[in-house]
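Please read all numbers here as calculations on a predicted model, not as lab measurements. Quick note on labels: first sequence line is chain A, next is B, and so on, each numbered from 1.
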Amino acid sequence: MNTPPILRRLTKRAQFLAVRQGARAVRSHVLIEARRREEAGAIGVGFTASKKVGGAVARNRAKRRLREAARQLLPQHGQAGVDYVLVARQSTPEAPWAALLDDVGNALIRLRADLETGRPHAPKKRASSAPKTPTESD
RNA sequence: CCAGUCGGCCGGACGGCCGCGGGCGCAAGCUGGAAACGGCGCGUUCGAGGAAAGUCCGGGCUCCACGCGGAUACGGCGGCGGGUAACGCCCGCCGAGAGCAAUCUUAGGGAUAGCGCCACAGAGAACAGACCGCCCGCCGUCGCCCCUUCGGGGGCUUUGGCGAGGUAAGGGUGAAACGGUGGGGUAAGAGCCCACCGCGCCGACCGUAAGGAAGGCGGCACGGCAAGCCCCGUCGGGAGCAAGACCGAAUAGGGAUGCGAUGGCCCCGCAAAGGGUACGGCCCAUCCGUGGGAGCGCAUCCGGGUAGGUCGCGAGAACCAUGCGGCGACGCAUGGUCCAGAGGAAUGGUCGUCACCGCGCAAGCGGAACAGAACCCGGCUUACAGGCCGACUGGUAUU
RNA sequence: GCCGCGGUAGCUCAGUGGUAGAGCGCACCCUUGGUAAGGGUGAGGUCGAGAGUUCAAUCCUCUCCCGUGGCA
């Protein structure tokens, strides 16, 4: 963990769709999705804001704040080899900065726990590999 | 000072710390690479708007179509003159309308080129019409008066009926009813006549023009809708940077060449058997035979093209200053400046000071609009906290 | 980013320059011992919003709002 973690941005639509199949953590100001990639290495991170958040100005602002929060917190709480997608919610542009940081950090910690403990079964349930492998019992 | 009208401008400022995107540069350092060069890093510089928005017009640019030109169809525009690359935009002016005024609004060609529509109400609605009413005539009638040869006649008045009579002033309907007011006139009325107003025609003169207009003539006729069809004038080929150009993986498929394997199926040639025969080894060719092709496999190469990538992509109808021309839109000249360019998309986080607004005696607390370039430019439209400047109008006060 | 289509009753849709309609649904009544079906009656509309043209606009024109589809 003392090796400097390399952040890599997710840019392609396919990457975002893949992360949707992983674990997720919802907080009042943010929704974070995470999924372990096949190959290890850098921390992947992407940001997204739908039109529900607001106009172009509000969406840009939400993504900027999420980007800054990720810049501060992801090196500590993120895991190498995992892709994260931070999704803006309606309160993201106007939320107090401390509360937003709290939500992001909290969600990242929770996701790390989920990925480590629940990795054998929990992620695979939703994983995109499900269609290929025979469907497990629910 | 109060109320109002118009035009122009701004859209918080400065500074710490940590970060972001583009350009340029880089001695050393880390890293990839054979190298060229690149990544990290370091330095430096630039980094959203007045609407970046809506995508409603006009252009540039690109591709497609098309001999030029013109016509038709379809669509846009529509007072006149000017500005402009162009416009449906802007400026000035004209006409019409609103306002005490400053000023504002105005899709504003043609209704005797033609077609169409004008509901309901109303008597009548587009070559108009006559319900009530008013008047006249005829016949009757209540009352009064006059004349009388006593049969009746005439006049005034009340009222009723009839009329292929007059009239359109009044009532009433309607968005709109073949001018309005007053007077004369008449049986009653009427542009029937007159005055003024309105309307129509002509029009000296003024203006580049739209148009204005002294004056004259005409008793008055020609309703509205063309953002209904249409006519006239004028403009327009279509699509759009997801245009378009270039590079181009994996997989599948296409083509060329070579090699290999060829049992069957398919196609072509030969013709032994077989069959036909006009008796010419002339004709036919289902299996077997034989030669070839196609098909099959492998290799190499070629072209299209998907994912993806590169370009298109910003020195411009650019901006700033000054001067000159113009009422103005704008133009010209000189000098200066370089000013965003991504591709899940760059301006954020935090702290401080000042300025603005609200609350509060105060310390202080809270607020700060509309909104994010995506090929570029000129307009229009729409959204918007707060503030600044200038010009003008009306009122009030003072002089 | 560019281009197109649509908005009428709770729902699905007609409609035309002068009256706003149909089917389903809803309410009440009849029918039935009681429902369903059937029959009858009725309620329910800023015709997405605002301007303009017109005597008159759901309709014609312009601007805005919302929804929806296509284009590499």
Side-chain angles (χ1 to χ4, degrees):
Chain A
M1 283 307 166
N2 45 10
T3 57
I6 300 168
L7 288 180
R8 204 190 57 178
R9 288 293 288 279
L10 307 179
T11 57
K12 295 289 175 285
R13 175 175 169 80
Q15 296 175 317
F16 280 79
L17 292 178
V19 176
R20 274 192 80 181
Q21 305 299 322
R24 46 170 40 186
V26 186
R27 297 294 180 270
S28 57
H29 300 311
V30 70
L31 161 65
I32 302 183
E33 298 166 330
R35 181 164 185 260
R36 187 168 296 280
R37 249 179 293 113
E38 296 301 321
E39 76 279 14
I43 300 176
V45 58
F47 306 91
T48 181
S50 74
K51 278 196 173 173
K52 206 172 176 182
V53 174
V57 175
R59 294 202 302 275
N60 277 346
R61 183 174 182 81
K63 285 190 282 188
R64 282 181 197 131
R65 304 187 91 196
L66 290 181
R67 207 179 301 128
E68 176 67 15
R71 190 180 68 84
Q72 292 184 14
L73 298 176
L74 216 49
Q76 304 172 20
H77 300 298
Q79 285 183 290
V82 176
D83 285 339
Y84 295 90
V85 169
L86 280 72
V87 182
R89 310 193 67 196
Q90 291 183 26
S91 62
T92 304
E94 298 300 325
W97 177 241
L100 184 59
L101 273 185
D102 201 55
D103 277 2
V104 172
N106 198 293
L108 285 176
I109 292 170
R110 175 58 182 244
L111 283 172
R112 167 143 68 175
D114 281 357
L115 285 176
E116 283 179 349
T117 64
R119 185 148 51 107
H121 38 277
K124 275 191 182 172
K125 257 200 235 172
R126 302 179 180 173
S128 61
S129 58
K132 292 183 180 176
T133 57
T135 47
E136 296 187 10
S137 61
D138 290 6

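- Distance, Trp97(A) CH2 to C18(B) C1': 11 Å, rounded to whole Å.
- One atom, CD of Glu68(A), and another, C1' of C351(B), lie 14 Å apart when rounded to the nearest Å.
- Pairing for G43(B) goes to C24(B), judged as Watson-Crick or G-U wobble with the two contacts each under 3.5 Å.
- In this entry the distance linking CG of Leu73(A) with P of G349(B) reads 15 Å, nearest Å.
- Note that CG of Leu31(A) and CZ of Arg24(A) are 5.5 Å apart. Values are rounded to the nearest 0.5 Å.
- Comparing the P positions of C338(B) and C351(B) gives an interatomic distance of 38 Å, to the nearest angstrom.
- A gap of 40 Å separates the C1' atoms of C57(B) and U45(B), to the nearest Å.
- Here G291(B) is in the anti range [glycosidic angle more than 90° from 0].
- Across C14(B) and U31(B), the matching C1' atoms stand 42 Å from one another, rounded to whole Å.
- His29(A) and Ser91(A) share a side-chain donor-acceptor pair at under 3.5 Å.
- Taking atom P in both A329(B) and C93(B), the straight-line distance is 13 Å, to the nearest Å.
- For Arg71(A) and Glu68(A), the salt-bridge test passes: some basic side-chain N is under 4.0 Å from an acidic carboxylate O.
- Taking the C1' atoms as reference points, G244(B) lies 23 Å from G58(B), given to the whole Å.
- G60(B) and G236(B) have their P atoms separated by 12 Å, with the value rounded to a whole Å.
- Within residues 57-67 of chain A, the residues that have a heavy atom under 4.0 Å from RNA chain B are, in order of number, Val57(A), Asn60(A), Arg61(A), Arg64(A), Arg65(A), Arg67(A).
- Distance Leu100(A) CG to U350(B) C1': 14 Å, rounded to the nearest Å.
- When both pairing distances are held under 3.5 Å, C388(B) makes a Watson-Crick or G-U pair with G8(B).
- In a base pair of the Watson-Crick type (N1 to N3 plus N6-O4 or O6-N4) or a G-U wobble (N1-O2 and O6-N3), with each distance short of 3.5 Å, C375(B) is matched with G60(B).
- Leu86(A) CG to Thr92(A) OG1: the interatomic distance, rounded to the nearest 0.5 Å, is 9.5 Å.
- For A48(B), the base adopts the syn conformation, since its glycosidic angle falls within 90 degrees of zero.
- Stem regions for RNA chain C, each three or more consecutive Watson-Crick or G-U pairs with both distances under 3.5 Å and listed by first number, read C:1-7 with C:65-71, C:10-13 with C:21-24, C:26-30 with C:38-42, C:48-52 with C:60-64.
- Distance, Leu101(A) CG to G348(B) C1': 12 Å, rounded to whole Å.
- The glycosidic torsion of G50(C) lies more than 90° away from 0, which places this base in the anti conformation.
- The distance between atom CG of Leu74(A) and atom C1' of G19(B), rounded to the nearest whole Å, is 15 Å.
- The gap from the C1' atom of G344(B) to that of C17(B) amounts to 29 Å, rounded to the nearest Å.
- Across the strands present, C115(B) finds its partner in G228(B); the criterion is a Watson-Crick or G-U wobble pair with both atom distances under 3.5 angstrom.
- The distance between atom CD of Gln72(A) and atom C1' of G19(B), rounded to the nearest whole Å, is 9 Å.
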